[in-house]
Amino acid sequence: MVSIENEDTLASTRGRETALACVRAGIDAARPGHVVTESVRLDGDRLHVADATYDLTGVDRIVAVGGGKAADGVADALETVLGDRLSAGAVVTPEPSEGKRIERLQGDHPVPSQAGVDGTERIHDLVADADERTLVIAIITGGGSALLPAPADGISLDDLQTTTDALLDAGAEIGALNAVRKHLSTLKGGGLADLASPATVVSLAFSDVVGNDLSVIASGPTAPDESTYAEALEVLERYGVDPPAAVRERLEAGAAGDLPETPGPDDPVFDRVTNHVLADGFTAIEAAREVAADRGYDTCVLSSSVRGEAREAALTHVAVAEEVGATGNPISGPAVVLSGGEATVTVRGDGEGGPNAEFALAAAIELPEDATLACVDTDGRDGSSDFAGAVVDSDTVEDAKAARAALDSSDAYGYLDGHSIISTGATGTNVNDLRVLVVE
Ligand SMILES: O=C(O)C(=O)CO
């Protein structure tokens, strides 16, 4: 079970206690041990994944490869489920544990590192000689884009780092960011499926992407890609990013038709590929909702795909809390309103912030008296901070001017204190943000 540091201090009211219990249940439900055991089963020569069954007769090698923030836990669970049938594997994760058959390799997030490049090369080596008798299980989890860098021809790690950094700072949304990354690295944008062909590929995804677009989750290593070099150039322009010369040259060469595009939906490399989304933001929301209902609250899911600038989406949540209190809409109190998705922040200063902290602090300035809001990134790392998020109520902000100044210098954690900051450490999963709004 995920543990929240200092929970006794944070849970000083009934609303706060409920919000934190919901957060804990949401994260736990999305952790790989639970999710994989529920959805993957080996029965003799039959591998069951969700509603699909794969016949392993004739398969003489099963290789599990991939990466992302939940990959270590998925690898653990697969080693248990597949036992001796598993031949080998490698995953690149931020906090690798000791594996049995699947090697655990260190990578870095949100900006890629040399360790990630080395780990990705190991995956390349394991998959490069796959044939018709090989089953490749692809472990695709959020964070995979940075953890599995694989720079394309002519692109250095430094080019990838600079470009990623600049787009993150500009607040680029994930689809746009990944359209660029897919055109700068070899395993993204269907590249892993291409490398594994003609093997059968079964992909197990944990989605941290609103709408579960498989070509965006970890930049879609096993998914057809419809984005283009031209689009990648347009993204850089849209976010005002002037990339390193090698990046611009590659994207311009691709847009001019001098480089092959990433494989699209009709490409035969996907003939033997099946992608399964095993967990997403709704997995966390549903578990949180159950806890709230058990505690006697009326519950409502606002949306699992709230996105946009955190401080603006926060005001919508304040408005919902006000409406619950004033007119009993969309439900009447005591109520728990849940949302998921991915808020972003445009970095304005060099303070310590993150989308969830900014969401919570912006809401706290205006929350009505009977409302509590908890906002966390289910991976336990809000933006590039070491915190998961924050729990706030109408007492959190004593000095609205100072709170606004903190927001303006991207320093929400600088304003919030030990009575608000939620710290879980890395949770081992990643299904995006979870917000719990309690109105008593
Ligand atoms: O691309 C990534 O790595 C993401 O976190 C989205 O899945």
Side-chain angles (χ1 to χ4, degrees), residues 30 32 65-74 91-95 107-113 116-117 119-120 123 138-151 160-161 163-165 167-168 171-192 203-223 225 227 232 235 262 275-284 304-305 307 340-345 354-356 376-385 388 426-434:
V65 292
K69 294 182 183 175
D72 196 65
V74 177
V91 288
V92 185
T93 81
E95 295 182 20
D108 293 279
H109 185 276
V111 177
S113 66
V117 173
T120 314
I123 289 177
I139 300 171
I140 308 296
T141 76
S145 297
L147 288 153
L148 301 169
L160 280 187
Q161 289 170 328
T163 310
T164 308
D165 235 353
L167 283 166
L168 287 173
E173 58 88 18
I174 191 72
L177 172 61
N178 286 358
V180 176
R181 299 199 273 201
K182 282 185 275 193
H183 289 87
L184 300 178
S185 26
T186 58
L187 286 191
K188 299 181 171 61
L192 179 60
S203 166
L204 311 180
F206 277 53
S207 173
D208 64 334
V209 167
V210 170
N212 295 351
D213 183 340
L214 284 158
S215 72
V216 178
I217 305 167
S219 293
T222 56
D225 181 33
S227 74
V235 166
T262 47
N275 291 290
H276 299 272
V277 176
L278 299 187
D280 61 11
F282 214 82
T283 312
S304 60
S305 41
R307 50 200 184 275
E342 183 169 44
T344 46
V345 288
N356 285 282
V376 293
D377 191 323
T378 53
D379 67 12
R381 304 278 187 225
D382 180 27
S384 51
S385 79
T427 61
T429 190
N430 187 11
V431 292
N432 235 324
D433 298 339
L434 172 63

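Small disclaimer: the values here were computed from a predicted structure and weren't measured. Whatever order the structure lists them in is the order used to number ligands and atoms, beginning at 1. For the numbers below, each heavy atom of this structure counts, side chains included, while hydrogens, waters and symmetry mates do not.
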With the threshold set at under 4.0 angstrom, would you say Arg181 reaches ligand 1 through any of its heavy atoms?
yes
Val216 heavy atom under 4.0 Å from ligand 1
yes
Chi angles and distances behind the side-chain contact (heavy atoms from CB on, under 4.5 Å) call for Leu177, Leu168
CA-CA 8 Å; Leu177 172 61; Leu168 287 173; 3.9 Å; yes
Numbered atoms of ligand 1 (with element) below 4.0 Å of [X], judged on heavy atoms:
| X | result |
| --- | --- |
| Val209 | 6 (C), 7 (O) |
| Ser219 | 1 (O) |
| Ala218 | 1 (O), 2 (C), 3 (O), 6 (C), 7 (O) |

If we only count N/O pairs under 3.5 Å, is [X] in contact with ligand 1?
| X | result |
| --- | --- |
| Gly142 | no |
| Gly143 | yes |
| His109 | no |
| Ile217 | no |

Test your reading of the model: is there a side-chain donor-acceptor pair from Asn275 to the backbone of Ala205, 3.5 Å cut-off?
no
Considering non-hydrogen atoms of the protein only, which is the closest contact for atom 2 (C) of ligand 1, and what is the distance?
Ser145 OG, 3.2 Å
Which residue and non-hydrogen atom of the protein lie closest to atom 6 (C) of ligand 1, and at what distance in Å?
Asp208 OD1, 3.1 Å
Can you see whether Asp208 engages Asn430 through a side-chain donor-acceptor pair at a distance of less than 3.5 angstrom?
yes
Under a 4.5 Å cut-off applied to non-hydrogen side-chain atoms, are [X] and [Y] in contact?
| X | Y | value |
| --- | --- | --- |
| Pro151 | Leu184 | no |
| Ile174 | Arg181 | yes |
| Ser227 | His183 | yes |

I'd like to know whether Leu214 forms a side-chain contact (heavy atoms from CB on, under 4.5 Å) with Val277, so could you lay out the CA-CA distance, the side-chain angles of the two residues, the decisive distance to 0.1 Å, and finally the verdict.
CA-CA 8 Å; Leu214 284 158; Val277 176; 3.9 Å; yes
Would you check, one step at a time, whether the test side-chain contact (heavy atoms from CB on, under 4.5 Å) holds for Lys188 with Asp225?
CA-CA 9 Å; Lys188 299 181 171 61; Asp225 181 33; over 6 Å; no
